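Beneath this line is the structure, given in structure tokens, with notes to follow.
Not measured: the values here are computed from a predicted model.
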Amino acid sequence: MQALVTGASGFTGKYLVEFLQSCGCKIHTLGREKLPGIPHSQLTLNLQKIHEVIKEVRPDYLFHLAGCVVSEALSEFFNVNVMFAAYLLEALDLEGLSKHTRILIVGSAAEYGWVPKSSLP
């Protein structure tokens, strides 16, 4: 069993990687930070580069946990929270894995964009 995990160095990602390892799963991470002892590819928001990672790893499982929740630039929210997921899905399709790979995409309220304080519960 081969898993590709994005956002593996984040709070949830660290626990997921630990759990997958305990199940005997081979793990490859894709993100900004490398975890010790785990094969890693540096995050780049480029479809061709992401396709190369998908082609190399050929994941049975894709856990997409990476996301942006704090940024001054609206474009960073869009690129990380939307385009990264789109590139992962497109790369799986290009590699013929869209029906093979099981996918979990985790999001946050950041996908909704900025909400004025007066609208918060």
Side-chain angles (χ1 to χ4, degrees):
M1 187 168 50
Q2 178 75 25
L4 178 63
V5 181
T6 71
S9 63
F11 177 78
T12 305
K14 290 176 186 175
Y15 291 104
L16 175 62
V17 166
E18 184 179 300
F19 172 75
L20 292 172
Q21 286 176 319
S22 75
C23 295
C25 188
K26 294 179 184 176
I27 301 165
H28 188 103
T29 61
L30 172 62
R32 294 181 181 155
E33 296 180 36
K34 179 179 178 11
L35 294 177
I38 296 176
H40 176 79
S41 296
Q42 189 63 35
L43 172 63
T44 176
L45 293 175
N46 173 293
L47 176 58
Q48 183 178 351
K49 297 289 185 184
I50 291 173
H51 181 210
E52 289 171 11
V53 173
I54 294 293
K55 186 175 185 175
E56 174 190 336
V57 176
R58 301 194 61 78
D60 300 300
Y61 297 92
L62 168 63
F63 297 94
H64 181 45
L65 308 177
C68 177
V69 293
V70 178
S71 177
E72 300 266 334
L74 185 59
S75 61
E76 186 173 3
F77 284 110
F78 181 75
N79 286 332
V80 175
N81 295 334
V82 177
M83 294 309 299
F84 189 16
Y87 288 158
L88 285 164
L89 296 174
E90 188 169 350
L92 286 169
D93 192 46
L94 289 170
E95 200 52 36
L97 295 172
S98 59
K99 292 186 179 178
H100 167 79
T101 304
R102 295 184 182 245
I103 304 163
L104 175 68
I105 298 176
V106 177
S108 72
E111 281 84 11
Y112 298 112
W114 183 82
V115 178
K117 197 170 194 166
S118 61
S119 295
L120 295 174

Exercise for the section: Determine, step by step, whether L62 and R102 satisfy the side chain to side chain contact (heavy atoms under 4.5 Å, CB included) criterion, reporting the C-alpha distance in whole Å, the side-chain angles of both residues, the deciding distance to 0.1 Å, and the verdict. Expected result: CA-CA 6 Å; L62 168 63; R102 295 184 182 245; over 6 Å; no
Exercise for the section: Give, for atom CG of L30 and atom CZ of F63, the distance between the pair rounded to the nearest 0.5 Å. Expected result: 14.5 Å
Practice task
Enter the distance from M83:CE to N46:CG here, rounded to the nearest 0.5 Å.
Solution key: 10.5 Å
Practice task
Give a yes or no on this: more than 12 heavy atoms of other residues, nucleotides or ligands lie within 6.0 Å of atom NZ of K55.
Solution key: no
Problem - Exam field: side chain K49 to backbone V53, donor-acceptor pair closer than 3.5 Å - result: no
Please output the side-chain donor-acceptor pairs of residues 5-18 that fall under 3.5 Å, not counting sequence neighbours, one pair per line with the distance.
residue, atom, partner, partner atom, Å
T6, OG1, H64, ND1, 2.6
T6, OG1, L65, N, 2.9
T6, OG1, A66, N, 3.2

List the atom pairs, with distances to 0.1 Å, where a side-chain N or O of residues 72-79 and a protein N or O form a donor-acceptor pair under 3.5 Å, not counting sequence neighbours.
residue, atom, partner, partner atom, Å
E76, OE1, S71, OG, 2.8
E76, OE2, R32, NH2, 3.3
N79, ND2, S75, O, 3.2

Practice task
Kindly determine whether L20 and Y61 satisfy side chain to side chain contact (heavy atoms under 4.5 Å, CB included), including the steps that lead there.
Solution key: CA-CA 11 Å; L20 292 172; Y61 297 92; over 6 Å; no
Practice task
Let me see the working for T29 and K34 under side chain to side chain contact (heavy atoms under 4.5 Å, CB included), right down to the final yes or no.
Solution key: CA-CA 7 Å; T29 61; K34 179 179 178 11; 5.5 Å; no
Exercise for the section: Check P59 against T101 and note the closest heavy-atom contact, atom names and distance. Expected result: O-OG1, 2.6 Å
Listed pairs under 3.5 Å, donor-acceptor, residues 88-99 side chains, sequence neighbours left out:
residue, atom, partner, partner atom, Å
D93, OD1, S98, OG, 3.4
E95, OE1, H51, NE2, 2.8
E95, OE2, R58, NH1, 3.0

Problem - Minimum side-chain heavy-atom gap H40-H28 below 4.5 Å - result: no
Exercise for the section: Taking all heavy atoms of Y87 and all of L45, pick out the closest pair and write down the distance. Expected result: CE1-O, 3.6 Å
